[in-house]
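One structure is given here, and the rest of the page talks about it.
Here is the naming used below: chain letters follow the sequence lines, and residue numbers restart at 1 for every chain.
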Amino acid sequence: MPTDFTLNGKPASFDGDPETPLLWVLRDHLGLTGTKYGCGIAQCGACTVHLEGKNRRSCVTPVGMVAGKKVTTIEGVEGAEAKAVQKAWVAIDVPQCGFCQSGQVMSAIGLLKAKKKPSDTDIDNAMAGNLCRCATYVRIRQAIHDAAAMVEG
Amino acid sequence: MNAITPTRRGLLKSTGLVLGVALPAAGRAARALPDAPFAPNAFVRVSPDNLVTIIIKHVEMGQGPATGLATIVADEMDADWSQVRVEFSPANDALYKNLYFGTMGTGGSSAIANSWEQMRGAGASARAMLAEAGAKRWGVAVGEVKVARGVVSHGDNKASFGELAGEAALLKPPEKPVLKTPDQFTLIGRDTPKIDSVAKSTGAAQFTMDVRRPGMVYSAILHPPLFGGKVGKVDVSAAMAVNGVLGVKPIPQGVAVYARDTWAAMQGRAALRVEWDLSKAEKRSTEELYAQFAEKTEEPGVQVEASGDAKAAFKGAAGKLEAVYCFPYLAHAPMETLDAVIEMQGDEVHVWMGSQFQVGEMGAIAAVLGVKPDKVVLHEQYAGGSFGRRVSPGMEFGVEAASVFKAWGGKVPVKHVWTRENDLMGGFYRPLVVHTVRGGLDGNGEIISWDHVVAAQSAFKGTPMEFMGIQKGIDGSITEGAAESSYRFPNHYVGQHIMEGGVPTLWWRSVGNTHTAYAMETFLDQMLERGKKDPVEGRLALMHDERMKAVLRKAAEIAKWGSKPPEGRARGVAAHFSFGTYVAQVAEVSKGPDGLPKVHKIWCAVDCGVAVNPNIIRAQMEGGIGYGLGHALYGEIVLGEGGIVQQSNFDTYRSLRIGEMPEVEVAIIESGAHPRGVGEPGLPPVAPAVANAWRNLTGKVVRRLPFSVGGRV
Amino acid sequence: MKAGLIALGGAALALAITASAQQEAGLRPVSAFASIADKDARSVALFEEMGKVLQHPRCLNCHPRTDRPNQGEAMTPHDPPVTRGPDGHGAPGLECAACHGPRNVAFAGGKSSMPGHPDWHLAPASMAWEGKSLAEICEQLKDPKRNGGRTLAQLTEHNAKDRLISWGWDPGAGRAPAPGSQAQFGELSRAWVASGAKCPAAK
């Protein structure tokens with residue numbers, strides 16, 4: 001039986017093993033490659049998507065687990081927080097190699113949705129699961145503060 | 001890759017206003033595209049829709065060459081930054097070789113350094129032709145025509161680059177295009193926005209792993225559990241039973257699993273049952289290797305550098321210090337694991353990858369597939385990090401990907417992706433290294449002897465690059481930074497031993513400097529303390545290069561060296577020259593809850609010559625610091641009993657996380673010197689600066705890395 | 001040549017260590033304590049048997065003394081360095097549920113897994129057991145201020161039936177389960193309470 005869910009606001013379906021991680025359904029079957037593979041064991045956060053609006057590692061999410069639920073990826077993320085985070089990211093040139101950044105951006109948006117004005121500690125706590133081997137962390141922190149200020153207006 | 005970059009003494013000299021290097025004409029990339037009426041050389045294309053496309057000959061793996069090279073061209077061309085696009089070049093040495101290497105390649109922090117004049121010439125040449133086209137159109141002297149922000153003008157006459165493209169295309173490129181003087185730069189020296197930030201912040205940037213081809217199958221590979229192991233009998237039954245697995249093929253590198261998606265390939269890989277032939281495999285553990293290497297460093301080895309008589313001076317010294325340093329194997333672990341997509345199109349092999357040595361790697365792929373090198377077409381992709389990992393002298397990954405493709409018949413497109421486990425357990429590590437250093441002081445606390453022996457495997461030994469990397473028995477990358485160091489000692493010896501080992505090793509961000517800077521700067525710090533000298537003043541007195549002294553002074557100045565650090569914190573300093581760039585750093589640390597240094601701030605001064613893009617230079621200092629710090633604190637690949645790698649994923653190969661990233665303040669020394677690299681030089685000073693601060697705080701001397709093993713208090 | 005041939009499966013290498021951790025003995029049944037004549041001594045002995053569960057990594061890892069849980073058989077700090085957040089379900093932006101789903105999820109190859117439960121969360125700070133002696137944990141368990149406001153009867157019910165506690169015996173691939181079964185643990189709890197809920201002497 002196919003797994004049906006809502007992907008970036010539109011109906012989506014996967015007709016295969018419901019144990020397949022959402023990550024690979026998105027990337028290999030639905031053609032949304034913005035969500036990245038980095039470790040497969042929820043250590044790096046490169047595969048972060050929003051499940052019902054909250055940060056979730058798609059590499060440890062069997063697609064069967066999202067049946068009937070709302071999944072948002074970097075390709076479909078919207079709203080004031082998303083706009084602000086991406087604007088802030090570009091404004092101070094956060095990315096280096098860029099491979100982890102979809103996950104960083106998604107985590108940052110998830111944080112701002114949950115906490116309007118995060119402190120440095122809030123940022124450390126929320127972003128602790130997103131590795132960046134290029135170590136763009138100084139800028140990630142700054143961009144989140146900048147984005148929070150933008151959302152506040 | 002210091003071995004293939006020019007030495008400090010052989011640095012290219014800027015030739016002033018006239019272009020010193022020949023510009024290749026537009027190649028296939030430019031000509032093959034439908035809308036390319038003006039392609040004055042291999043690096044620039046102006047289309048009628050007024051876009052300026054700059055062809056990038058280096059792989060973009062995060063260090064910013066796509067932006068930097070485009071900036072140089074666009075500045076000389078007087079293009080408007082908003083009209084600039086970039087495109088990665090095809091694999092073609094005639095057009096796109098690294099001028100330092102003689103072949104296409106990105107490494108040794110050389111992307112901007114080797115291209116500086118070439119890119120300036122490419123831009124200046126295009127500008128001259130566009131100006132000439134404008135002058136002809138309006139019937140005026142070319143000297144009266146102005147070019148600014150993508151517009152050519154004369155009085156009320158104005159035309160965009162795009163409007164003039166067709167006319168410019170009919171002109172002959174100037175033989176010696178006139179370059180700008182630095183005061184005329186409009187983009188160089190400014191924080192020009194990075195060309196790839198939008199794509200990389202929205203998920204739109206395409207990496208190799210994102211490439212999809214019609215009918216493509218996905219492959220995963222299982223490598224032998226020990227280095228030097230070979231495939232024996234393969235039981236494919238469990239792997240074939242995995243839903244979505246299409247087949248299994250043993251190849252020389254291991255066992256490949258082909259599937260309908262990546263997940264099935266990974267599941268099939270895990271289900272393989274293989275009897276490996278490990279009779280010739282490396283079975284020594286890290287502990288055994290350390291012991292054997294350390295013993296070897298008691299012998300002088302091959303002399304790399306010597307002055308005076310270090311041994312005699314040490315014997316008679318009033319004060320002595322001896323130390324053995326152990327540095328573990330380190331994995332590069334770029335966020336995007338190694339990957340490639342290969343497809344046959346007619347008689348051409350098309351390859352999608354973020355290749356770091358484009359021509360060499362495509363040649364290796366051609367050899368595996370039995371086609372002529374010019375039948376391999378590279379579609380260069382953004383690379384999700386490398387740190388040195390995306391090329392090895394034997395082009396082993398390209399060879400493996402081609403073998404996987406070939407074993408599946410060579411007709412169906414194959415995407416070959418490594419798992420993180422493949423990556424961390426797959427070798428090509430920063431070599432395991434042991435240093436033995438002996439230093440002597442006279443009665444006044446002056447250093448009179450420095451005797452330094454390094455034992456390590458060579459990344460070049462037994463590879464096609466051995467002739468470049470090892471000369472007269474010396475692999476310069478083993479002792480770089482200890483030899484030709486920033487200091488002068490009256491009696492000085494540097495020797496090296498190239499050790500035999502079955503673990504493949506490789507250059508790793510800043511190569512030999514990863515360990516030489518640590519040994520030099522921590523040992524020196526202790527020697528200066530024994531000689532009752534200030535760490536900054538003491539270093540300055542021993543330095544022989546004014547630029548090195550200036551960065552050290554600058555770092556000390558911005559860190560307010562000499563002022564009292566906040567309660568519970570201490571500072572340490574280190575300075576190091578690598579890849580033509582001078583860097584000094586001051587670290588401020590306290591004791592973290594886990595007994596390891598909590599690094600609060602790094603002050604960093606850098607002199608890399610002309611600062612093409614200060615924002616990228618700061619970013620590379622931050623990145624080098626973070627990468628260096630993470631590995632200094634936690635990084636090690638350990639060979640356990642019997643030679644089995646103990647780390648397999650990021651749960652066991654700890655990486656720096658955001659809460660551990662210090663604040664970084666960067667000061668860039670203003671310079672008119674030829675620009676040099678920034679991708680690597682930010683890394684070497686950070687670990688010794690932290691170690692020196694840690695010793696000042698706790699008394700703990702750390703000589704075995706990482707700190708989690710040798711530095712906990 | 002023969003000696004050089006060894007059979008090894010996919011990702012099995014690094015995981016061999018965790019697999020060997022499944023050495024825990026079971027729990028002794030309540031009947032095994034009937035021979036202890038002294039009621040208080042019997043009560044203490046029953047609690048000490050319960051202690052095999054209470055101090056097992058599956059239980060102790062999420063009753064940390066700090067805001068960061070531990071993980072694994074060696075009970076090392078949880079990596080990534082997560083924190084409890086306002087209600088024990090993690091920090092805003094990195095809740096436990098970012099990784100821990102409603103059930104255990106095997107990684108590729110199935111030799112290890114991401115543990116999961118619908119209500120995966122940390123025990124409140126008041127219920128921290130890490131680093132405490134069994135005597136201290138015992139006193140803590142009896143104190144409603146430090147046991148989630150439970151009476152002893154409720155505590156027994158909790159030990160016997162709570163679904164998150166059940167996870168300890170079904171922890172997913174690559175993790176040793178708590179000793180015995182939850183039913184046995186519940187019976188031991190009931191017998192301990194019935195015998196007066198005595199605690200081991202503080203050392």
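Neither the backbone nor the side chain of B:Ser386 has a heavy atom closer than 4.5 Å to any heavy atom of chain A. Neither the backbone nor the side chain of A:Thr136 comes within less than 4.5 Å of any heavy atom of chain B. Only the side chain of A:Val105 comes within contact range of chain B, with heavy atoms under 4.5 Å apart. The contact between A:Glu19 and chain B is made entirely by backbone atoms, counting heavy-atom distances below 4.5 Å. With a 4.5 angstrom heavy-atom cutoff, B:Tyr627 touches chain A via backbone and side-chain atoms both. Neither the backbone nor the side chain of B:Met216 comes within less than 4.5 Å of any heavy atom in chain A. Using a 4.5 Å cut-off between heavy atoms, B:Gln63 touches chain A through its side chain atoms alone. Looking at B:Arg657, the atoms closer than 4.5 Å to chain A (heavy atoms on both sides) sit in the backbone and in the side chain alike. The contact between B:Thr202 and chain A is made by backbone and side chain atoms together, counting heavy-atom distances below 4.5 Å.
Annotation: maximal heavy-atom pairing with chain A below 4.5 Å, among B:Lys415, B:Met661, B:Glu336, occurs at B:Glu336. The candidate from B:Met61, B:Gln267, B:Glu622 with the greatest count of non-hydrogen atom pairs under 4.5 Å with chain A is B:Glu622. Your options are B:Gly626, B:Ala383, B:Gly384, B:Gly244, and the one with the most heavy-atom pairs under 4.5 Å with chain A is B:Gly384. Between chain B and the options A:Gln101, A:Gln86, A:Met106, heavy-atom pairs under 4.5 Å are most frequent for A:Gln86. For the options A:Gly34, A:Pro95, A:Ser102, A:Ala82, heavy-atom pairs under 4.5 Å to chain B are most numerous at A:Pro95. Between chain A and the residues B:Gly624, B:Pro193, B:Ala333, the most heavy-atom pairs under 4.5 angstrom are made by B:Ala333. Options B:Thr419, B:Val664, B:Asn243 differ in how many heavy-atom pairs under 4.5 Å they form with chain A, and the most are formed by B:Thr419. Of all the listed residues (B:Arg420, B:Met335, B:His332, B:Met266), the one sharing the greatest number of non-hydrogen pairs under 4.5 Å with chain A is B:Met335.
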Self-check item: Test log, rule salt bridge (Lys or Arg N to Asp or Glu O under 4.0 Å), inputs A:Asp146 and A:Lys87
Solution: CA-CA 9 Å; A:Asp146 294 348; A:Lys87 202 171 160 194; over 6 Å; no
Exercise. Give the intermediate values and the outcome of salt bridge (Lys or Arg N to Asp or Glu O under 4.0 Å) for residues A:Arg141 and A:Asp124.
Key: CA-CA 8 Å; A:Arg141 180 191 309 285; A:Asp124 284 352; 3.0 Å; yes
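Among pairs with a residue in residues 40-81 of chain A, none fulfils ring-ring contact (aromatic ring centres under 6.0 Å, His included), at least two apart in sequence or across chains.
A side chain to side chain donor-acceptor pair (under 3.5 Å) with B:Arg654 is found for one member of B:His631, B:Gln647, B:Glu660 and no other, namely B:Glu660.
Here the closest non-hydrogen pair linking B:Thr337 and B:Met209 is OG1-CE, 3.4 Å. Looking at every heavy atom in both residues, A:Glu81 comes nearest to A:Val151 through CA-CG2, 4.0 Å.
Taking the six-membered ring where the residue is Trp, the centroids of A:Phe99 and B:Phe207 are separated by under 6.0 Å.
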Which side-chain N or O atoms in residues 2-11 of chain A pair as donor and acceptor under 3.5 Å with protein atoms at least two apart or in another chain?
| unit_1 | atom_1 | unit_2 | atom_2 | d |
| --- | --- | --- | --- | --- |
| A:Asp4 | OD1 | A:Ser13 | OG | 2.8 |
| A:Asn8 | OD1 | A:Thr73 | N | 2.8 |
| A:Asn8 | ND2 | A:Thr73 | OG1 | 3.0 |

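Residue A:Glu52 qualifies as enclosed at atom CD: its count of foreign heavy atoms under 6.0 Å is above 12. At most 12 non-hydrogen atoms from other residues, nucleotides or ligands lie less than 6.0 angstrom from NZ of A:Lys54. Within 6.0 Å of the CZ atom in B:Arg260, the count of heavy atoms belonging to other residues, nucleotides or ligands does not exceed 12.
Along residues 35-46 of chain A, the residues that come nearer than 4.5 angstrom to chain B, judged on non-hydrogen atoms, are A:Lys36, A:Tyr37, A:Gly38, A:Cys39, A:Ile41, A:Gln43, A:Cys44, A:Ala46 in order of number.
Scanning for side-chain contact (heavy atoms from CB on, under 4.5 Å) contacts around B:Ala619 gives A:Gln96, A:Arg139, with sequence neighbours left out.
Looking at heavy atoms from C-beta onward, B:Tyr218 lies out of side-chain contact with B:Val414 at the 4.5 angstrom threshold. With contacts defined as side-chain heavy-atom distances shorter than 4.5 Å, the pair B:Ile221/B:His416 qualifies.
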